[in-house]
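Each chain gets a letter, A, B and so on, in the order its sequence line appears, and its residues count up from 1.
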Amino acid sequence: MRKPAGWWWSTPDEVYENGTCWTATRYHGEIVGLKLWSNGTVDKPMIQCRGYSKEAFDDVARQGITRMLNRALKTDEDLKPFYKLSKRDNILCDIVKDLYGMHTVGWPELFPALILAVTLQMAPMKRSGQMMDSLLNQFGEKVSFDGKNIGYWPSPETLAKCPVEEMMAKAKLGYRAKNLKAIAEELSEGFPSLEDLVAMAPDEAKKKILTLQGIGNYSAELVMPRMGFPLDVWSAKIFGVLFNGEKPDNPREAIVALREVAEKRWNGWMGHAFVYVLNDLPRLSEKFGVDFTKF
DNA sequence: GCGTCCAGGTCTACC
DNA sequence: GGTAGACCTGGACGC
């Protein structure tokens, strides 16, 4: 397995050095420190993990966290059919050689994924980063283990109790504060976890996620336990060039049509194609003679 | 230093 | 059933 570039896996504060990742998650409301490293190869992958918590883990917790890791790292994903399809695909054929063995990822926890989706809405990257950093620093928690100090996201309960005005002022969320608070309330009152959503039919899971305030199609696709195709203005420009040879005049309006092309072209594997394409932009830039990294 | 514009969506009122 | 317009606010940009 490889660590896909781009977003962090669990928290922006996680540390990744020499093939080892120090990160954190929340298990049954408690912060857990995680140290993950590879003990395998691309052909025989194996991930080792050590967990750190205030109380010793019992067998149930150990099994629960292992289940979460398997789900969120997509360890049981069979990539063979995707690679077979990619051989005949002009866009994917070289990318899959570069990123051979890379699994797609899932989110360890639902709330942080929703925070990412909400803070990405209608904002340049720098501003989204500022909102997420503020949320982490103003409302999040720190966990210290194995010589690392990792910041982790606030719980839904914390933000559900926080006045909207305070969230706006401290996390610079603007109009998004109202939506994030509504989501936090919904989750703290009992909303299906990612484990529950995985167990549902994909359409049913998406429908459920779409009931959250401020979560539309893009955000739902981003959060979906099964890799979605979250086309936004940025990625629509990239896929516009890949499919049609040019950036769409109006990327926002082009999203629906581009999605249909991807669906037809990659069928059940469009989520994988999405991740592989966006993780290999330098190679695609060479191949298509367009600098996608500057989009 | 100041004014203007707009962003990696979503929702709603209106037709 | 489709769509224009509002939504916070900080950073980029022009002057």
- Task: Compare every heavy atom of A:Trp9 with every heavy atom of A:Pro108, then report the nearest pair and how far apart it is.
- Result: CD-O, 3.4 Å
- Item | Interatomic distance where CE belongs to A:Met167 and P belongs to C:dT9 [whole Å] | 13 Å
- Query: When hydrophobic residues are tied together by side-chain contacts of less than 4.5 Å, even through go-betweens, does A:Phe243 share a cluster with A:Val233?
  - Reply: no
- Task: Go through residues 224-234 of chain A and report each residue with a non-hydrogen atom lying under 4.0 Å from DNA chain B, sorted by number.
- Result: A:Asp232, A:Val233, A:Trp234
- Task: Using a cut-off of 6.0 Å, state whether more than 12 heavy atoms not belonging to A:Asn250 lie near its atom CG.
- Result: yes
Return all side-chain donor-acceptor pairs below 3.5 angstrom for residues 197-210 of chain A, not counting sequence neighbours, or 'none' if the list is empty.
| residue | atom | partner | partner atom | Å |
| --- | --- | --- | --- | --- |
| A:Lys206 | NZ | A:Asn217 | OD1 | 2.7 |
| A:Lys206 | NZ | A:Glu221 | OE2 | 2.6 |

Give every donor-acceptor pair under 3.5 Å between a side-chain atom in residues 136-146 of chain A and any protein atom, sequence neighbours left out.
| residue | atom | partner | partner atom | Å |
| --- | --- | --- | --- | --- |
| A:Asn137 | ND2 | A:Asp133 | O | 3.1 |
| A:Glu141 | OE2 | A:Arg26 | NH1 | 3.2 |
| A:Lys142 | NZ | A:Asp13 | OD2 | 3.4 |
| A:Ser144 | OG | A:Asn149 | OD1 | 2.7 |
| A:Asp146 | OD2 | A:Trp22 | NE1 | 2.7 |
| A:Asp146 | OD2 | A:Lys35 | NZ | 3.2 |

- Query: Considering only the P atoms, how many Å lie between B:dG3 and C:dC8, rounded to the nearest integer?
  - Reply: 22 Å
Show me the donor-acceptor pairs within less than 3.5 Å that the side chains of residues 113-120 of chain A make with the rest of the protein, sequence neighbours left out.
| residue | atom | partner | partner atom | Å |
| --- | --- | --- | --- | --- |
| A:Thr119 | OG1 | A:Ile115 | O | 2.8 |
| A:Thr119 | OG1 | A:Leu116 | O | 3.2 |

- Message: Looking only at the side chains, is there a donor atom on one of A:Asn18 and A:Thr20 sitting less than 3.5 Å from an acceptor on the other?
- Response: no
- Report the distance from atom NZ of A:Lys181 to atom P of C:dC7, rounded to the nearest whole Å. 22 Å
- Find the distance A:Leu173:CG to C:dC7:P and express it as a whole number of Å. 18 Å
- Task: Rounded off to whole Å, could you give me the CG-to-C1' distance for the A:Leu222 and B:dG9 pair?
- Result: 12 Å
- Any idea how A:Phe229 and A:Trp266 line up, ring-wise: parallel (<30°), tilted (30 to 60°), or perpendicular (>60°)? tilted
- Query: Pairs counted as Watson-Crick or G-U wobble with both distances under 3.5 Å: what dot-bracket string results for DNA chain B, using | for bases tied to another strand?
  - Reply: |||||||.|||||||
- Can you pull the salt bridge (Lys or Arg N to Asp or Glu O under 4.0 Å) pairs that have at least one residue in residues 261-280 of chain A, sequence neighbours excluded? A:Asp89-A:Arg265
- Other hydrophobic cluster members with A:Val60, side-chain heavy atoms of Ile/Leu/Val/Met/Phe/Trp/Tyr under 4.5 Å, chained? none
- On a heavy-atom basis, the closest approach of A:Tyr83 and A:Gly101 is OH-N, 2.8 Å
Show me the protein contacts with nucleotides 2-4 of chain C, counting only N or O atoms at under 3.5 Å.
none

- Spacing between A:Met132 atom CE and B:dG8 atom P, to the nearest angstrom: 12 Å
- Decide whether a cation-pi geometry holds between A:Lys247 and A:Phe295; the criteria are a distance under 6.0 Å from NZ or CZ to the six-membered ring centre and an angle within 45° of the ring axis. yes
Using a 3.5 Å cut-off and no angle test, enumerate the donor-acceptor pairs between side-chain atoms of residues 158-169 of chain A and protein atoms at least two apart in sequence or in another chain.
| residue | atom | partner | partner atom | Å |
| --- | --- | --- | --- | --- |
| A:Thr158 | OG1 | A:Ser155 | OG | 2.9 |
| A:Glu166 | OE2 | A:Lys170 | NZ | 3.0 |

- Message: In this structure, is the centre-to-centre distance between the rings of A:Trp234 and A:Tyr218 below 6.0 Å?
- Response: no
- Item | A:Ile209 CD1 to B:dG9 C1', straight-line distance once rounded to whole Å | 16 Å
- Taken to the nearest whole Å, CG/A:Leu281 to P/B:dG8 is 15 Å
- Query: Can you tell me how far P in C:dT3 sits from the matching atom in B:dG8, rounded to whole Å?
  - Reply: 24 Å
Protein-nucleotides 11-14 of chain C N/O pairs closer than 3.5 Å?
| residue | atom | partner | partner atom | Å |
| --- | --- | --- | --- | --- |
| C:dG11 | OP1 | A:Gln130 | NE2 | 2.8 |
| C:dA12 | OP1 | A:Lys126 | NZ | 3.3 |

- Message: What is the distance, to the nearest angstrom, from the CE atom on A:Met131 to the P atom on C:dC8?
- Response: 13 Å
- Note on the structure: Each nucleotide of nucleotides 10-15 of chain B classed B (base within 4.0 Å of a protein heavy atom), S (only sugar-phosphate) or -, in 5' to 3' order, makes SS----
- Task: Identify whether A:Tyr175 and A:Ile215 are in the same connected component of the hydrophobic contact network (ILVMFWY, side-chain heavy atoms under 4.5 Å).
- Result: no
- Message: A:Tyr276: which residues meet the ring-ring contact (aromatic ring centres under 6.0 Å, His included) condition with it, sequence neighbours left out?
- Response: A:Phe82
